[in-house]
Novice: 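One structure coming up, written as structure tokens, with questions to follow.
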Amino acid sequence: DLQAVCKIYSASRGNLEKLAKICGANLELMKSSPPSDALDFATKLLEGAYTGDTPAIALKKLREALREDLQMQAGNLRRTTTKERSALAGPSKEEVECIKKIYMDND
């Protein structure tokens, strides 16, 4: 098995993108711990160092994408002024009339 994977490495001339495609390995994991030579690549691949936990990797990518999107959208937000009314002021005349109408219509 090691020799077969070494041949694949040599045929790809160590190109990590090609190797990831051919072997079904995770390119990010390969870039984070690149092989020093064909034998190192074969050993790491067969030990599972380049397969990784796919759901965990997908979750990490999703979080990164969400963080980037939130940061971009934060720049589009505008400041607004909020009208606050004292609870002691009571309902407005329009609100009283609206409630009165509802009450009278359903009595």
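None of these values were measured; they are calculated from a predicted model.
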Novice: Check the pair M104 / K101 against side chain to side chain contact (heavy atoms under 4.5 Å, CB included), numbers first and verdict last.
Specialist: CA-CA 5 Å; M104 297 302 272; K101 182 178 180 334; 5.9 Å; no

Novice: Which heavy atom in K44 sits nearest to a heavy atom in P34, and how many Å separate them?
Specialist: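 In this case the closest contact between K44 and P34 is NZ-O, 3.5 Å.
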
Novice: What's the shortest heavy-atom distance between Y9 and L19, and which atoms?
Specialist: CD1-CD1, 3.5 Å

Novice: Between atom NZ of K21 and atom CG of L27, what is the distance when rounded to the nearest 0.5 Å?
Specialist: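 K21 atom NZ to L27 atom CG measures 10.5 Å (nearest 0.5 Å).
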
Novice: To the nearest 0.5 Å, tell me how far R67 CZ sits from D69 CG.
Specialist: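 Here the rounded value is 11.5 Å.
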
Novice: Return the CD to CG distance between E28 and L16, rounded to the nearest 0.5 Å.
Specialist: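 E28 atom CD to L16 atom CG measures 12.5 Å (nearest 0.5 Å).
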
Novice: What are the two closest non-hydrogen atoms of P35 and D40, and how far apart are they?
Specialist: CA-OD2, 3.1 Å

Novice: With a sphere of 6.0 Å drawn around CD of Q3, does it hold more than 12 non-hydrogen atoms of other residues, nucleotides or ligands?
Specialist: no

Novice: Minimum heavy-atom separation for A49 and L29, please, with both atom names.
Specialist: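 Taking A49 first and L29 second, the nearest heavy atoms are O-CD1, 3.8 Å.
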
Novice: I'd like to know if the side chain of S12 and the backbone of N15 have a donor-acceptor N/O pair within less than 3.5 Å.
Specialist: no

Novice: What pair of heavy atoms forms the shortest contact from L39 to L2, and how long is it?
Specialist: CD1-CD1, 4.3 Å

Novice: Output the distance between atom CD (Q71) and atom CD (E68), rounded to the nearest 0.5 Å.
Specialist: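 Between atom CD of Q71 and atom CD of E68 there are 7.5 Å.
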
Novice: Counting distance only, does the side-chain N/O of Y50 pair as donor-acceptor with the main-chain N or O of S33 below 3.5 Å?
Specialist: yes

